Amino acid sequence: MNPIIKLENVCYKYPDNDNVENRFALDNFSLEINEGEFVALLGHNGSGKSTAAKLINMILTPDSGSIYIDGKQIADKKMKESDVYEIRKNVGMVFQNPDNQIVATVVEEDVAFGPENLGLAPEEIRKRVDEALEIVGMQSYARHAPHRLSGGQKQRVAIAGIIAMKPRCIIFDESTAMLDPLGRKEVMNTILKLNKEEKITVILITHYMNEAILADRVVVMREGKKYLEGTPNDVFSQPERLVKAGLEVPQSIELINALNEGLGTKIPLGVYDLDTCADLISSALLK
Ligand code: ADP
Ligand code: MG
């Protein structure tokens, strides 16, 4: 099976990049995403996550290397406008600030904006808007004004606008970063639902380790390169490397690591929920 997204040795340097190192934002970066997968992309600020997302969405074009969407190479600078359009329809992107993504004064009109631009028939647009609002749990707000909604609700409207275009993959670029804990939870539940029920491939760029542990696979970036990759357990069980990449270590790992080092216990490192963590520690200490 072809991966739905493939980046092969991609390099990219911003033309107006006047920072001291003047380094590549992406430096020989390769990544494969399979259809239906949920991949979390982590990394310290400036590690190249947003650049990777923009290259996949053709907002930027790589200096070298290749990008394939569904087996079709997109890095070609001679690509037609219609090809770009086809790709954006298949790969949607949700950004950090919901206020910058909402264009209309009524929720359902906002969600209809994308499908209208696809030139669909009015009945089809109506159907897609209703479905999309239903999926994100915002159908009862269809006639509301977006600016009066909470951050989490606005972000769910923005997500509805993307799913009304029926993309196969959605990249969430720190889409929960500006939300309060409740809003974050609402949006994360929506993202999980899109992946598990609607079978949409998800790339989640995030700073929150508790969001990343929900993914099938975690990719950690550092200075434009892929630094670590594996299941959440594989990746989060390497605290020294996480610290090197400028990331937080999940609390359960930090605690178990401290106990193993300090008391000589041999509790396996892993990302555990509170109860499992407590059970593992108490049984190890009672031995
Ligand atoms: P992340 O999303 O992981 O925080 P970015 O992809 O935004 O990282 O940035 C990667 C590198 O590219 C950083 O060194 C950053 O300073 C640089 N960069 C990002 N956007 C621009 C830009 N518009 N112009 C110049 N340099 C940029
Ligand atoms: Mg970013």
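All figures in this text were calculated on a predicted structure; none of them were measured in a lab. Just follow the structure's listing: the first ligand is 1, and inside any ligand the first atom is 1.
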message: Between Ile203 and Ile5, is there a side-chain heavy-atom distance shorter than 4.5 Å?
response: yes
- prompt: Using 4.0 Å as the upper bound for N to carboxylate O, is an ion pair formed by Glu198 and Lys193?
  reply: no
Which of the numbered atoms in ligand 1 are below 4.0 angstrom from a heavy atom of [X]?
| X | value |
| --- | --- |
| Thr51 | 5 (P), 6 (O), 9 (O), 10 (C) |
| Ala25 | 10 (C), 11 (C), 12 (O) |
| Asn45 | 4 (O) |

message: Measuring from atom 3 (O) of ligand 1, which candidate in Arg23, Glu174, Gln96, Lys49 has the nearest non-hydrogen atom?
response: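 Among Arg23, Glu174, Gln96, Lys49, the closest heavy atom to atom 3 (O) of ligand 1 belongs to Lys49.
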message: I need the Ile163 CD1 to Glu131 CD distance, nearest 0.5 Å.
response: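 Output value for this atom pair is 9.0 Å.
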task: Identify which one of Arg128, Arg126, Lys127 satisfies the side-chain hydrogen bond (donor to acceptor under 3.5 Å, both in side chains) criterion when paired with Asp130.
output: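 When side-chain hydrogen bond (donor to acceptor under 3.5 Å, both in side chains) is applied between Asp130 and each of Arg128, Arg126, Lys127, only Arg126 qualifies.
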Any N or O of Gly48 closer than 3.5 Å to N or O of ligand 1: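 Between Gly48 and ligand 1, an N or O pair is found under 3.5 Å apart.
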query: Can you hop from Ile162 to Leu120 via hydrophobic side chains spaced under 4.5 Å?
result: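 The answer is yes; both residues are in one hydrophobic cluster.
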same_hphob_cluster(Phe113, Met165) at 4.5 Å side-chain heavy-atom cutoff: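 Result: no, two separate clusters.
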message: Between Ser30 (side chain only) and Asn9 (backbone N and O only), is there a donor and an acceptor less than 3.5 Å apart?
response: yes
task: Would you check if the side chain of Asn34 reaches a backbone N or O of Glu37 as a donor-acceptor pair within less than 3.5 Å?
output: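 Looks like no, no N/O pair under 3.5 Å.
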task: Tell me the protein N, O or S atoms under 2.8 Å from the Mg ion (ligand 2), in chain and number order.
output: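 Less than 2.8 Å away from the Mg ion (ligand 2) sit Ser50 OG.
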